[in-house]
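Each chain gets a letter, A, B and so on, in the order the sequences are listed, and its residues count up from 1. Predicted, not measured: the structure shown is a model, and the values here were computed from it.
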There are 2 protein chains.
Amino acid sequence: VIRFAGVSRTYPMEGELVEALRGIDLEIEQGELMAIMGPSGSGKSTMMHIAGLLDTLSRGRYELEGEDVSSLSKNQRADIRNRRIGFIFQSFNLLARCSALENVELPMLYHRPGVAERRERAMAALEAVGMADRAQHLPRQLSGGQQQRVAVARALVNRPALILADEPTGNLDTRTGREIIRLLSSLHQQGITVVLVTHDPEVGRAMRRRIFLRDGLLERDEAA
Amino acid sequence: VIRFAGVSRTYPMEGELVEALRGIDLEIEQGELMAIMGPSGSGKSTMMHIAGLLDTLSRGRYELEGEDVSSLSKNQRADIRNRRIGFIFQSFNLLARCSALENVELPMLYHRPGVAERRERAMAALEAVGMADRAQHLPRQLSGGQQQRVAVARALVNRPALILADEPTGNLDTRTGREIIRLLSSLHQQGITVVLVTHDPEVGRAMRRRIFLRDGLLERDEAA
Ligand SMILES: Nc1ncnc2c1ncn2[C@@H]1O[C@H](COP(=O)(O)OP(=O)(O)OP(=O)(O)O)[C@@H](O)[C@H]1O
Ligand SMILES: Nc1ncnc2c1ncn2[C@@H]1O[C@H](COP(=O)(O)OP(=O)(O)OP(=O)(O)O)[C@@H](O)[C@H]1O
Ligand SMILES: [Mg+2]
Ligand SMILES: [Mg+2]
């Protein structure tokens, strides 16, 4: 479902060229449950943003579900993102002036299921991450881990075929983190492709496959 | 150095009263190395913000270095914070338009050491967290863990007597996280009081004392 061929991402800066990704070859099949691990700064979030159509590559090719997506317009990419991909950001990216519930309803506005259905689906997603009792809170009225869980709920509400989660448990205690991983695993059992970045070895061990990045290169690829 | 006596923090909201902290009694001696742990939403960040003079309590009393700080003006609290306390936020709170170096220099602007000394001290702090080669990057040009490390560096640069770190390794791989904890431990060995919030049991075990919160209450207090 995801194919990277020689994918590179460079950032030209004054006096230096930062090579965040350097020629990544990677294939992820439909229905995989996979972790991306590696040191801070090794290129994991960069890889996730390219996979999620939130960023473009500098060199190479990216095929999503067999289609070369570098040729798509901005609107086409936004449309695919909205319908097919659930993205959980490392820094959550919740809208500050919207409640938890409104944040979770947001991805559904494009296709406009009715108000009642939107509310119902958003509350179910909040329930699944243990945040139903904080539905009316604004992000600044939530703890770090609560914001993270609202970001998880938002990514699930459109029932995407592909979930990309950038460190979904980084701000959670062990027990709450395990609940989130259990949730993602149960979605995987329904056939959804789940790719997550993690620094937690326990989360990595719960996955079927682990790849390791170092300095923008794919260092290791191990199946569980 | 820190004494909480019956400290409560409530947030009145429509139709409910959120009790983030409920009557906390706690004493932290000068020179302690301590972890605050507990589930997501249990009140850890709230406790840290009150301790760091970033938030006021709703009931009870807070004495910092023997002085009742609830009677201080806003300016007096800002002054104490700047000179005595180094605070590392759970969500970093870096200024988006300033480089890593400028962000780390920021706390020194109040007391105006010369430009050369500011630069030198800021670079040394960035060096200590492994971020000297990213000094000119803006926060959005840094990875999540790199931003976190810049936030750590910024908290150290005024050589505070008290360091309050809210989940300083949440976005770091195991190895980089250990480097940060080693850094904080070495500062502790110089006599600095270090209080950190963590979800990582390994980090908790590296501390001399661990307290556990649950639903705004102090559940357990164990010395290593
Ligand atoms: N401004 C606010 N208004 C209303 N409720 C709030 C506000 N700030 C925090 N809360 C609530 O207070 C409780 C404690 O929050 P706090 O941020 O201290 O938790 P925490 O222990 O740091 O959690 P985490 O581990 O997820 O960071 C949470 O249930 C949160 O929803
Ligand atoms: N806009 C940018 N301009 C310049 N350099 C950048 C930019 N974005 C990222 N980088 C650099 O690219 C590298 C990879 O960043 P990335 O965010 O992918 O790392 P990461 O593996 O997700 O790290 P972490 O585990 O700390 O989140 C880092 O060294 C970072 O400094
Ligand atoms: Mg990252
Ligand atoms: Mg917190």
Side-chain angles (χ1 to χ4, degrees), chain A residues 11-16 18 20 37-49 89-92 94 99 129-131 133-134 136-149 166-167 169-177 179-180 197-202 204 212-214 216, chain B residues 11-16 18 20 37-49 89-92 94 99 129-131 133-134 136-149 166-167 169-177 179-180 197-202 204 212-214 216:
Chain A
Y11 296 104
M13 293 189 64
E14 241 182 75
E16 68 158 340
V18 176
M37 306 181 73
S40 173
S42 55
K44 306 179 297 295
S45 294
T46 302
M47 179 182 269
M48 293 288 273
H49 277 69
F89 293 86
Q90 187 168 3
S91 55
F92 324 146
L94 300 177
S99 70
V129 299
M131 290 297 305
D133 64 342
R134 290 278 185 270
Q136 304 304 327
H137 285 229
L138 297 176
R140 65 173 176 78
Q141 296 171 326
L142 295 173
S143 78
Q146 290 171 340
Q147 293 173 31
Q148 184 155 43
R149 285 182 275 162
D166 198 345
E167 295 192 43
T169 64
N171 280 282
L172 299 174
D173 55 286
T174 311
R175 187 162 160 196
T176 312
E179 287 166 24
I180 293 303
V197 172
T198 188
H199 283 308
D200 188 337
E202 181 181 313
F212 295 80
L213 296 188
R214 178 176 296 277
Chain B
Y11 296 104
M13 292 188 65
E14 239 182 75
E16 67 159 342
V18 177
M37 305 181 74
S40 174
S42 54
K44 307 179 298 297
S45 295
T46 303
M47 179 182 271
M48 293 288 273
H49 276 68
F89 292 85
Q90 188 169 1
S91 55
F92 325 145
L94 300 177
S99 70
V129 299
M131 289 297 304
D133 65 339
R134 290 278 184 271
Q136 302 307 327
H137 284 230
L138 298 176
R140 65 171 177 78
Q141 295 171 325
L142 294 172
S143 78
Q146 290 171 340
Q147 292 173 32
Q148 184 155 42
R149 285 182 276 162
D166 199 345
E167 296 194 41
T169 64
N171 280 282
L172 299 174
D173 55 285
T174 311
R175 187 162 160 196
T176 313
E179 287 166 23
I180 294 303
V197 172
T198 188
H199 283 307
D200 188 336
E202 182 182 313
F212 295 81
L213 297 187
R214 179 176 295 280

Rounded distance [0.5 Å steps], [atom1] in [X] versus [atom2] in [Y]:
X: B/Met13; Y: A/Gln136; atom1: CE; atom2: CD; result: 8.0 Å
X: A/Glu167; Y: B/Asn171; atom1: CD; atom2: CG; result: 5.0 Å
X: B/Thr174; Y: A/Met37; atom1: OG1; atom2: CE; result: 7.0 Å
X: B/Met131; Y: A/Ser40; atom1: CE; atom2: OG; result: 7.5 Å
X: A/His199; Y: B/Asp200; atom1: NE2; atom2: CG; result: 12.0 Å

* May I ask you to name which of A/Ala20, A/Pro39, A/Gly38 has the most heavy-atom pairs under 4.5 Å with chain B? => A/Pro39

* Of all the residues in residues 141-149 of chain B, which have a heavy atom that comes within less than 4.5 Å of a heavy atom in chain A? ->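 Expected list: B/Gln141, B/Ser143, B/Gly144, B/Gly145, B/Gln146, B/Arg149.
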
* Asked: Does some side-chain heavy atom of B/Val18 sit less than 4.5 Å from a side-chain heavy atom of A/Arg134?
  ->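 Yes, side chains in contact.
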
* To do: Measure A/Val197 against the heavy atoms of chain B and call it side chain, backbone, both or neither at under 4.5 Å.
  =>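 Nothing of A/Val197, per the 4.5 Å heavy-atom cut-off to chain B.
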
